[in-house]
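Note that the structure is predicted; figures quoted are calculated from it, not measured.
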Protein chains: 2
Amino acid sequence: MVTISDVAKRSGLSKSTVSRVINNHPYISKEKRELVQKAMDELGYYPNPSARRLRGQLKSTMGVIVPRIVNPFFSYLVDAIEQTAYQNNYQLLIFQSNENKEKELSFLNLLKTRQVDGIIMTSVENNFEVIEPYTKYGPILFCNEYLTNTSVPKVKLDQSIGSYTGMKHLIDRGHTKIGYCTGGLFAEDGKDKDRNQGYQKALDEAGIPVNTNWIFINQHTIEDGKEVMKQILSMDDRPTAIFTGSDEIAAGVMIEAKDQGLTVPDDIAIVGFDDQPIAEMLDPKLTTIRQPISLMGEKAAEGLALMMQENAVNPKDVDLPVELIIRGST
Amino acid sequence: MVTISDVAKRSGLSKSTVSRVINNHPYISKEKRELVQKAMDELGYYPNPSARRLRGQLKSTMGVIVPRIVNPFFSYLVDAIEQTAYQNNYQLLIFQSNENKEKELSFLNLLKTRQVDGIIMTSVENNFEVIEPYTKYGPILFCNEYLTNTSVPKVKLDQSIGSYTGMKHLIDRGHTKIGYCTGGLFAEDGKDKDRNQGYQKALDEAGIPVNTNWIFINQHTIEDGKEVMKQILSMDDRPTAIFTGSDEIAAGVMIEAKDQGLTVPDDIAIVGFDDQPIAEMLDPKLTTIRQPISLMGEKAAEGLALMMQENAVNPKDVDLPVELIIRGST
DNA sequence: TTGTAAGCGTTATCAT
DNA sequence: ATGATAACGCTTACAA
């Protein structure tokens, strides 16, 4: 391994001078600077990150915690974050929590040992009491999911508008019996709270009461969607439309509906969420809420970069607009 | 930050003893070992990986290079690798090359500075002449894609059997005019060479000559698939079936075909590759070649783990069988 | 069985 | 403007 000493020897200068060149310090004669550069090039020298980190200088690594990388929402998000991080000369470490508290914690712990110098959390499993202590080891930023009433900067999508718009669309189409899937528990302050709000608001405005039979909690996958459809079919009083929490659930609902001989959107209208590639692959194509995932990733990476700088500033919270994409399923 | 010195002080012992406990050295009295453990627990001590790495001891990090994490094939592969790595107490760093030679190289470079202690390459952009030198800095393993005639261990799928089986299936169904998409250039020794072989073999056995008009090179995405279908529609002599290189291309072909009023499989039969979730979402559902992606990821991580051990052994090459899944599109 | 001290590659401090 | 040296946290001869 080529070290700074090798470069020093080769250029006939001291380690200090070489180090100064590497770190772009002022007060180095142009002449020596070039000498060092030449030696570095010839030797193919590249500074050892472990040493720099140990010494306390290197801040080059961002971490991002996702629940599941195979979920396209998150893989696209990670992709955007990675691109932006890379452009800003940060290396990105990707962590998969599997929605596991302990695993999430073990990743947060990497801040302590400076394995990562800042973390973007796209999901949050633990309470703020347990997360808060880690903020003193390095910057943390919420992206997508977040905790309320914290000082942690957030980059998020306007979920409540998303569900409001989707529901409104169904109501405008004449539906009054509308099913609703949520990834959370439909609780005041839990997961998907913002979406629940929008759902409520649309219903309230139209004077439609909530029918709790048609609320499906803890839904995530295609399989879940199929299951939902099965349940609906077993009901005496069925909804004529369903607002799902993701394109994947929507896909499951649609596949099962068609398998059971129903027609979409006549027998059941379906609205997705995300506008993933599958939305266009389904037949009929899926009406859905498009989320500017890439933009969100960019903003998050930029925000964290800001927090990781010398004189760090906490970036303002970012709220990104979502958009209703009307296709054949409604 | 809690350091080994703090633990030493707290337990009234020396740094060496603490270090020995951490590293499970023999010849430590049970008594002192417990003393150290207690101090570590009380202090919440966790060894600093940078220091250990610098010192030359830590081997805890695997890297995996993928072309694009948003490609489900690779996100599932990465997922499997990550799970296995985690179980073996390795941390996984995920790198996205974007099919860029320089980026791939910069990741390989991390071996030099011991940022990663071993690398799984799921795609390979550079020639072996440029990759080979890196093998002396740390173990490299090919997974999925690979270079022939190298000493680098491989974990791969039996691609040639995959395309052979898929083509055979179409031929058995009575097709003689069969289109073929490849991600490479249909060259003897380039990308997808194995698949090309299987394609040829099936055709040869049936005595069907290759029609180069129906060979589409450099195909990858849904958009590519749509384009392929458009080209086919503009032909006087059209194929009645098409063997695509991935479910995504297949999806594009199918979507465009249906948009243009064709019926699948009557007007055109389609075979995918991968058996991704979308295969079941399409209508009709997609006949495809299922690849044991998770198994491949496991084997790769296990193989690399073997190579990273004390007295490293190169694992045997692994060839995983693929399987034809017959659905409605053929 | 335990402790002392040197060294991994880098940068900050203090001289010069 | 440049150089010598100590220190970051850890492991390993070498001593005891």
Chemist: Rounding to a whole Å, what distance do you find between B:Y27:OH and D:dA13:P?
Modeler: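 Interatomic distance, OH of B:Y27 to P of D:dA13: 15 Å.
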Chemist: Kindly compute the distance separating CG (A:D79) from OG (A:S294), expressed to the nearest 0.5 Å.
Modeler: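 Spacing of CG (A:D79) from OG (A:S294) equals 7.0 Å.
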Chemist: If you go through the side-chain atoms of A:S16, does one of them form a donor-acceptor pair with the base of C:dT11 closer than 3.5 Å?
Modeler: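 Side chain to base: no pair below 3.5 Å.
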Chemist: Supply the atom-to-atom distance A:I119 CD1 to A:C143 SG, rounded to the nearest 0.5 angstrom.
Modeler: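 Here the interatomic distance stands at 13.5 Å.
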Chemist: Rounded to the Å, how far apart are B:L54 CG and D:dA7 P?
Modeler: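 For the pair B:L54 CG and D:dA7 P, the rounded distance is 17 Å.
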Chemist: Rounded off to whole Å, could you give me the CE-to-C1' distance for the A:M40 and C:dG9 pair?
Modeler: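 Atom-to-atom, A:M40 to C:dG9, this comes out as 15 Å.
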Chemist: Output the rounded distance in Å from CG (B:L13) to P (C:dT4).
Modeler: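 So the two atoms are 11 Å apart, to the nearest Å.
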Chemist: Would you kindly give the CD1-to-P distance between B:I28 and C:dG3, to the nearest whole Å?
Modeler: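 Taking atom P of C:dG3 as the reference, CD1 of B:I28 is at 11 Å.
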Chemist: Look at the side chain of B:S19 and the backbone N and O of B:K15, then say whether any donor-acceptor pair between them is shorter than 3.5 Å.
Modeler: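 Checked: no pair found.
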Chemist: Using atom NZ of B:K9 as one end and atom P of C:dT2 as the other, report the distance to the nearest whole Å.
Modeler: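 From B:K9 NZ to C:dT2 P: 20 Å.
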Chemist: Does NZ or CZ of B:K193 come closer than 6.0 Å to the centre of the six-membered ring of B:Y146, within 45° of the ring's axis?
Modeler: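 Cation-pi check for B:K193 and B:Y146: passes.
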Chemist: Between C:dT10 and A:Y45, is there an OP1 or OP2 to side-chain N/O distance shorter than 4.0 Å?
Modeler: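 So the side chain of A:Y45 is within the cut-off, an N or O lying under 4.0 Å from OP1 or OP2 of C:dT10.
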Chemist: How many whole angstroms separate atom CZ of B:R53 from atom C1' of C:dG7?
Modeler: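 Those two atoms, CZ and C1', are 18 Å apart.
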Chemist: Does OP1 or OP2 of D:dT11 have a side-chain N or O of B:H25 closer than 4.0 Å?
Modeler: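 No.
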Chemist: Would you say B:S19 reaches D:dT11's phosphate, i.e. side-chain N/O to OP1/OP2 under 4.0 Å?
Modeler: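 It does, given that an N or O in the side chain of B:S19 lies less than 4.0 Å from OP1 or OP2 of D:dT11.
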Chemist: Between D:dT2 and A:S29, is there an OP1 or OP2 to side-chain N/O distance shorter than 4.0 Å?
Modeler: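 Yes, within the criterion.
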Chemist: If you draw a 6.0 Å radius around NZ in A:K9, do more than 12 non-hydrogen atoms from other residues or ligands fall strictly inside?
Modeler: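 At most 12 heavy atoms, drawn from other residues, nucleotides or ligands, come within 6.0 Å of this atom.
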Chemist: For B:A51 and for B:K30, find the nucleotide of DNA chain C with the closest heavy atom, then tell me which residue's nucleotide is more 5'.
Modeler: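 Looking at DNA chain C, the more 5' nearest nucleotide goes with B:K30.
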Chemist: Rounding to an integer number of Å, can you tell me how far A:R55 CZ sits from D:dA6 P?
Modeler: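 Atom CZ in A:R55 sits about 13 Å away from atom P in D:dA6.
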Chemist: Record whether the side chain of A:R20 comes under 3.5 Å of the base of D:dA1 through a donor-acceptor pair of N or O atoms.
Modeler: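 No such pair is found, so the answer is no.
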Chemist: With DNA chain D as reference, determine whether A:R33 or B:T3 sits nearer its 5' end, using the nearest nucleotide of each.
Modeler: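 Of the two residues, A:R33 wins.
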Chemist: Please determine whether any donor N or O and acceptor N or O are separated by less than 3.5 Å between the side chain of A:T17 and the base of D:dA1.
Modeler: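 Between D:dA1 and A:T17, which were checked side chain against base, a qualifying N/O pair under 3.5 Å is absent.
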Chemist: Ignoring hydrogens and angles, are the base of C:dT10 and the side chain of A:K15 linked by a donor-acceptor pair under 3.5 Å?
Modeler: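 Checked by distance alone, the answer is yes.
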Chemist: Is any side-chain nitrogen or oxygen of B:N48 closer than 4.0 Å to OP1 or OP2 of D:dC8?
Modeler: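 So the side chain of B:N48 is outside the cut-off, no N or O lying under 4.0 Å from OP1 or OP2 of D:dC8.
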